[in-house]
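Notes to accompany the following structure.
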Amino acid sequence: MDALLARYQQLRHYSLALASPLTAEDQCVQSMPDASPTKWHLGHTTWFFETIVLQAFAPGYVPWDNRLAYLFNSYYEALGPRHPRPQRGLLTRPALAEIHAYRQHVDAAMATLITHLDDAHPALPLIALGLNHEQQHQELLLTDVLHLFFSNPLLPAYGALPDACRAPAAPLLTPAPQALQWLRFEGGAVQAGCDDAADGVQAFAFDNETPRHLRQVAPFQLAHRLVNCGEYLAFVNDGAYANPMLWLSDGWALVQAQAWAAPLYWIAPGDPRCPSDAWQVFGLQGVQPLDLLAPVTHLSFYEAAAYAEWAGARLPTEFEWEHACGASALADMLGQAWQWTRSAYEPYPGFRPRSGAVREYNGKFMVGQQVLRGSSLATPAGHSRATYRNFFPPATRWQFSGLRLAQ
Ligand SMILES: [Fe+2]
């Protein structure tokens, strides 16, 4: 179990490394109900190991503070009542130093447990889930900080991502000067998803990726790269945000109600916060000139769908995307931007959630959301795969979400 312990410790350390450029104030504030403070992410991921692993499998484990279960339970009805999500930013206590001490307490107990496990121990799938859960929160920590910093008129920069655990093949910007090319796929009965058994430390998949099954896919074409900012700027300049013909009805309502005129973090010429004659974009590095060749990100599903309509194309289904990911060698399927698909987030045929409290992990969210495929530059190393199903409501804009066209 030495390898598992090393992985546990490295991965847990990466959460702290991600938080390290942030002040204690940065880590406490919540910029909107959908986002969580960094401090909450650090506490909640720790609570997950304490509750799901240690309290079930470590005899004699003593919780660090029983009151924290109420603060750090996210959405598990089976695990009792919880602090309201929109009020996570009110938690000035426990102090950040106490959250760090909580993490150390749980990490010490986890190290003892892992050291004594054998290869078939029933705790292993839950430890694997806890590690993948922490990786999901590592990306959320970054997207939430980005939203927080964009809400500050000073527009502070987060800076460079820490090296350890960062996805190795994810340059921040893709040089993509080529005109868009279409790759043709024959389709047919294609494999989708993962085996039920893929819940271990070596070959992990979330339950929403199971079971593996066949899908009938008609012949299709997929763009050889993501839609870039230059192309999206042409869509903006063509008056797309004032043209209801391009939009799904719910999307058009949001364009009007929230005065959407560009992707979430684009800054229009003349914006008084950071004067410039040209479009700029806010990111982890702060305000930068808009890179026309970089993948466009921070789009809602509605914007992605409207762009596809404008471009005379469509969004791929998640099954087209997965088939193409396995059958091609496209460099930017993973590691650049999540890609909205036209697929609603539904259970696969024969889907069975995991048992116990973690049956609530994915299954109960399978309504009213769209699937995103791929991964982003903020996704930790080792957390990307062709079968991964991310999901968000269609209005969501604060994730690293872009698009790839299909036809
Ligand atoms: Fe969580």
Residue pair F220 / P316, side-chain heavy-atom distance below 4.5 Å: no
Side-chain contact, heavy-atom cut-off 4.5 Å: L42 with H100? yes
Any donor-acceptor pair under 3.5 Å linking the side-chain atoms of Y345 with those of E318? no
Above 12 or not: heavy atoms from other molecules or residues under 6.0 Å from CG of D119? no
Whether over 12 other heavy atoms sit under 6.0 Å from R184 CZ: yes
Sub-6.0 Å ring centroid separation between W247 and Y241: yes
When rounded to the nearest 0.5 angstrom, what distance separates CZ in F149 from CG in L284? 9.5 Å
Answer yes if the ring centres of Y388 and H383 are under 6.0 angstrom apart, and no otherwise. yes
Would you sort out whether R82 and E77 count as a salt bridge (charged side-chain N to carboxylate O under 4.0 Å, His left out), showing the intermediate values? CA-CA 9 Å; R82 66 210 69 91; E77 300 291 343; 3.3 Å; yes
If you measure from OG on S300 to CG on D250, what distance do you get to the nearest 0.5 Å? 11.0 Å
Hey, are S36 and R85 close enough side-chain-wise for a donor-acceptor pair under 3.5 Å? no
Check step by step if side-chain contact (heavy atoms from CB on, under 4.5 Å) holds for T396 and Q369. CA-CA 10 Å; T396 303; Q369 312 208 52; over 6 Å; no
Using only atom types and a distance under 3.5 Å, with no angle test, would you say the side chain of H83 pairs donor to acceptor with the backbone of Q87? yes
Between T45 and R103: side-chain donor-acceptor atoms closer than 3.5 Å: yes
For a quick test of reading the model, state the closest non-hydrogen atom pair linking R352 to D207 and the distance between them. O-CB, 4.3 Å
Expected output: side-chain H323 to main-chain Q191 donor-acceptor under 3.5 Å: no
So, E139 versus W338: side-chain donor-acceptor pair below 3.5 Å or not? yes
For the side chain of Q27 and the backbone of P37, is there at least one donor-acceptor N/O pair under 3.5 Å apart? no
Could you verify whether a donor N or O on one side chain and an acceptor N or O on the other, from D26 and T23, lie under 3.5 Å apart? yes
Let me see the working for L68 and T46 under side-chain contact (heavy atoms from CB on, under 4.5 Å), right down to the final yes or no. CA-CA 10 Å; L68 298 190; T46 304; over 6 Å; no
Run the numbers on R314 and E320 for side-chain contact (heavy atoms from CB on, under 4.5 Å), then give the verdict. CA-CA 12 Å; R314 62 175 175 82; E320 290 171 335; 2.8 Å; yes
For a 4.5 angstrom cut-off between non-hydrogen side-chain atoms, does T379 reach F400? no
Look only at the side chain of Q10 and the backbone of R7, and say whether a donor-acceptor pair between them is shorter than 3.5 Å. no
May I ask you to check whether F206 and Y361 place their ring centres under 6.0 Å from each other? yes
Heavy-atom closest contact (P81 atom, Y70 atom, distance): O-CD1, 3.6 Å
When you measure from the side chain of Q280 to the backbone of I267, do you find a donor-acceptor pair of N or O atoms at a distance under 3.5 Å? no
Give a yes or no on whether the backbone of A381 and the side-chain of Q135 come within a donor-acceptor separation of less than 3.5 Å. yes
ring-ring contact (aromatic ring centres under 6.0 Å, His included) filter on H44, not counting sequence neighbours, yields W40, W47, H133, H137
Please tell me if the side chains of L246 and F235 come closer than 4.5 Å, counting only heavy atoms from C-beta onward. yes
In short, C229 meets V296 closest at the heavy-atom pair SG-CA, 3.8 Å
Looking only at heavy atoms, the pair that brings G335 and S375 closest together is N-OG, 2.8 Å
Any non-hydrogen side-chain atom of F351 less than 4.5 Å from a side-chain atom of M366? yes
Is it true that the side chains of D238 and W310 contain a donor and an acceptor less than 3.5 Å apart? yes
Does any part of the side chain of R389, heavy atoms only, come nearer than 4.5 Å to the side chain of N362, both counted from C-beta? no
Please check this pair: side chain of Q370 against backbone of P393, looking for a donor-acceptor N/O pair closer than 3.5 Å. no
Roughly how far apart are L79 CG and E360 CD, rounded to 0.5 Å? 7.0 Å
Ion pair R215/E322, N-O distance below 4.0 Å: no
Quick one: closest heavy-atom pair of A344 and V371, and the distance? O-CG2, 3.9 Å
Is the closest side-chain heavy-atom distance between P263 and Y232 below 4.5 Å? yes
Distance in Å, L405 CG paired with L315 CG, rounded so as to fall on 0.5 Å steps: 7.5 Å
Interatomic spacing from CZ in F72 to CZ in R67 - rounded to 0.5 Å: 11.0 Å
Look at the side chain of K364 and the backbone N and O of R359, then say whether any donor-acceptor pair between them is shorter than 3.5 Å. no
Could you tell me whether the side chain of L161 reaches within less than 4.5 Å of the side chain of L18, counting heavy atoms only? yes
Quick one: closest heavy-atom pair of S401 and L372, and the distance? CB-CD2, 3.7 Å
Test item: W279 side-chain N/O and L233 main-chain N/O as donor-acceptor pair under 3.5 Å: no
For the residue pair Q339 / R404, report whether a side-chain donor-acceptor contact shorter than 3.5 Å exists. yes
Distance from I114 atom CD1 to L124 atom CG, nearest 0.5 Å? 8.5 Å
When you measure from the centre of the six-membered ring of F150, is the NZ or CZ of R273 closer than 6.0 Å and no more than 45° off the axis? yes
Does Q138 reach the main-chain N or O of L11 with its side chain, forming a donor-acceptor pair under 3.5 Å? yes
Apply side-chain contact (heavy atoms from CB on, under 4.5 Å) to the pair E231 and Y307, showing each step before the final yes or no. CA-CA 9 Å; E231 290 163 332; Y307 179 89; 3.3 Å; yes
